[in-house]
Amino acid sequence: MVDDRVARAEDIIWREIDNEIAVIRDDGLAVYVLNKTAARIWKMCDGSLRPDEIAAKLCEEYDVSIDRASADVENALAGMRAKGLLKCADDLTRKGTSAG
Amino acid sequence: MSVSRAVSNHTIQIQIGEICAALVCHDADMFARLKEAYHLFLSDKAADITLQLDVLDQPGHPEGDEGSLQGDFLREMLNIGKNRSFDITYNPASRKFRVMVERSMFTSSLKLRPMNQLIRLCYYTGTRSEQPGRPPWMLVHSCGILRKGKALIFTGPSEIGKTTVGRLCGEDYGVPLNDEMVLLSWPRPPDRGLLVKSAPILGELPFTTNTIVPLSGVFLLKQSKRIAVRRLGRMEAYLRFLYQIITPMYFKEPITRAIVSLTEEFADEVTRATPFFELEFTMDKNLLWEVESKVNELKAAEA
């Protein structure tokens, strides 16, 4: 079974400034800025939540529909994955397996 | 007399931040050039680190070391082409770098500027040997101007105009500390003020003074057809300043997470401690200094 909980990649340094987040690859060569919504999603990517759970939390925090929140989460995670900022599902599965 | 330790027939000792580096060169011509270039930075303290520079007249592998060149990993960082002979070794026990390099490296239009990256390597290596953890000063790619007992620093990418600003300001309005890099402290308690220190880093403008002064302001440069200044938000200041911090460099050590973290923490703390401004500038030095009153107005409004 594939674990779809979302976690930040390990080779990442990030800094929250004024509700936005700067994400730096640890080679120092690439820096990405996440806006307020993406920053909130990023902070929930601690390996404990699935995308639908992140969307549900966004609904609680902001006055948005679950459809809108789900779309925002999907888009944000897709962008983060494309930039290599998130662990892939296989990483999480291996970690879970090795941890027993 | 203490100066005797700072200069001998083939060794000078120079101060780089808290570090005293002995530069050893047995080539008379090269040694005379080094002594002249770094005369404002001579130090009689005990050397923390040594850089021996062996100058080769002929291209080709250094004699006796064929096949054992160790310098390739540093070529790129030191911007030394593959076509040039270059070797560097480091003995951690004696804290001694030995660099073998072609004389032609120092006879181009760059003059002695290839030394800058070796000075950077000595500074960060020596600092880490003396006091592991954060270096007390970080090198920042900038032009520093001494004015009214404080330093303004103008920073931005290469070719943005740091030297131009240094020339314009240096004529009537202030004294250039350096048009290539300055040493900047971490914010210090109790008021989180910062200090700027001259660095023995060679730019286009000659050294005119070697001093430590409080930081007055930081300007990120933008070439323009008008003079304008605006206060930068923290995120923009952080992102733009991050790229102007000279990353610590160590022998045979790639850029690690710890090094990137150190640089990132410095950008965060400095931009948290002091306001950053973007300066659009032209070649009109009189107009350039009108920004000073504008900045004071902005600071007063915030206060």
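Side chains are part of it too, since the values below use all heavy atoms of this structure and drop only hydrogens, waters and symmetry mates. Note on naming: letters A, B, ... go to the chains in the order of the sequence lines (proteins, then strands), and numbering restarts at 1 for each one.
For residues 12-23 of chain A, the interface with chain B (any heavy-atom pair closer than 4.5 Å) comprises Ile12(A), Ile13(A), Arg15(A), Ile17(A), Asp18(A), Glu20(A), Ile21(A), Ala22(A), sorted by residue number.
Heavy atoms of other residues, nucleotides or ligands lying less than 6.0 angstrom from CD of Glu74(A) number 12 at most. More than 12 heavy-atom neighbours from other residues, nucleotides or ligands sit within 6.0 angstrom of CG on Asp191(B). Atom CZ of Arg188(B) has more than 12 neighbouring heavy atoms from other residues, nucleotides or ligands inside a 6.0 Å radius. Applying the 6.0 Å contact sphere to CD of Glu159(B) captures no more than 12 heavy atoms from other residues, nucleotides or ligands.
Options Thr271(B), Val260(B), Leu242(B) differ in how many heavy-atom pairs under 4.5 Å they form with chain A, and the most are formed by Val260(B).
With sequence neighbours excluded, no residue forms a salt bridge (Lys or Arg N to Asp or Glu O under 4.0 Å) with Asp46(A).
In this structure, no portion of Ile259(B) lies under 4.5 Å from any heavy atom of chain A.
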